[in-house]
Amino acid sequence: FLKGAVGLPAGLTMVVLTGAELFTGNVFTMLAGVFQGQVKTTDLLRNWVISYVGNFLGSIFLAVLVQQAGIMAPPALHKGAIAVANLKTSFSFYAAFCRGIVCNWLVCLAIWCAMCSPSVAGKVLGIF
């Protein structure tokens, strides 16, 4: 619960405040550009591939870095992490797909709320 309630918004806040991009943001932004005729489909696909591969490699790098640094959760929490992973991988494709849509929708709303404020505090509050 704590990771979802604090971890995800905290990570999203860092992405927003540093001007970084997530794959989901690229999907929305570039697709809107295609629909408006301002972006070519080939540019959209190129952007999606570069963004996805970059995010994937970055996540692998961070996971390895955290593991090698020895700052993983204590072994007592490993059972809980494994149980959550097993639960999340047991969903049907359709259920996982629908959850992905809902999650992306909420992330987009958080970004939209953050964009409404000129102040850092307002952006943070909008995301949380």
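This chain uses plain numbering: 1 for the first residue, then up along the sequence. Any value given below was found using the heavy atoms of this structure, including those in side chains, with hydrogens, waters and symmetry copies removed.
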- What are the two closest non-hydrogen atoms of Phe23 and Trp48, and how far apart are they? CE1-O, 3.4 Å
- Task: State, yes or no, whether a side-chain contact exists between Leu87 and Ser90 at a heavy-atom distance under 4.5 Å.
- Result: yes
- Query: If two hydrophobic side chains count as joined below 4.5 Å and joins carry through other members, does Ile127 share a cluster with Leu22?
  - Reply: yes
- Message: Using 0.5 Å steps for rounding, measure from the CG atom of Leu12 to the CG atom of Leu17.
- Response: 9.5 Å
- In this structure, CZ of Arg46 is separated from OG1 of Thr41 (nearest 0.5 Å) by 14.5 Å
- Task: Can you see which heavy atom on Val39 is nearest to which on Leu44, and at what distance?
- Result: CG1-N, 4.1 Å
- Query: Of all heavy-atom pairs between Lys40 and Val34, which one has the smallest distance, and what is that distance?
  - Reply: O-CG2, 4.2 Å
- Message: Taking CZ in Phe128 as the centre, count heavy atoms belonging to other residues, nucleotides or ligands within less than 6.0 Å. Is the count above 12?
- Response: yes
- May I ask whether Val15 and Met115 are part of the same hydrophobic cluster, defined by side-chain heavy atoms of I, L, V, M, F, W, Y residues being less than 4.5 angstrom apart, directly or through others? yes
- Note on the structure: When rounded to the nearest 0.5 Å, the distance separating CE of Met30 from CG of Leu45 is 9.0 Å
- Item | Beyond-backbone contact of Asp43 with Asn47, side-chain heavy atoms, under 4.5 angstrom | no
- Query: Can you find a pair of side-chain heavy atoms, one from Trp105 and one from Leu109, that are under 4.5 Å apart?
  - Reply: yes
- Item | Gly126 to Cys113 - nearest heavy-atom pair and separation | O-CB, 3.5 Å
- Smallest separation among heavy atoms of Ser117 and Gly122, with atom names: OG-CA, 3.2 Å
- Message: Are more than 12 heavy atoms, taken from residues, nucleotides or ligands other than Phe91, located less than 6.0 Å from that residue's CZ atom?
- Response: yes
- Establish whether Leu31 and Val49 are linked, either directly or via other cluster members, by ILVMFWY side-chain heavy-atom contacts under 4.5 Å. no
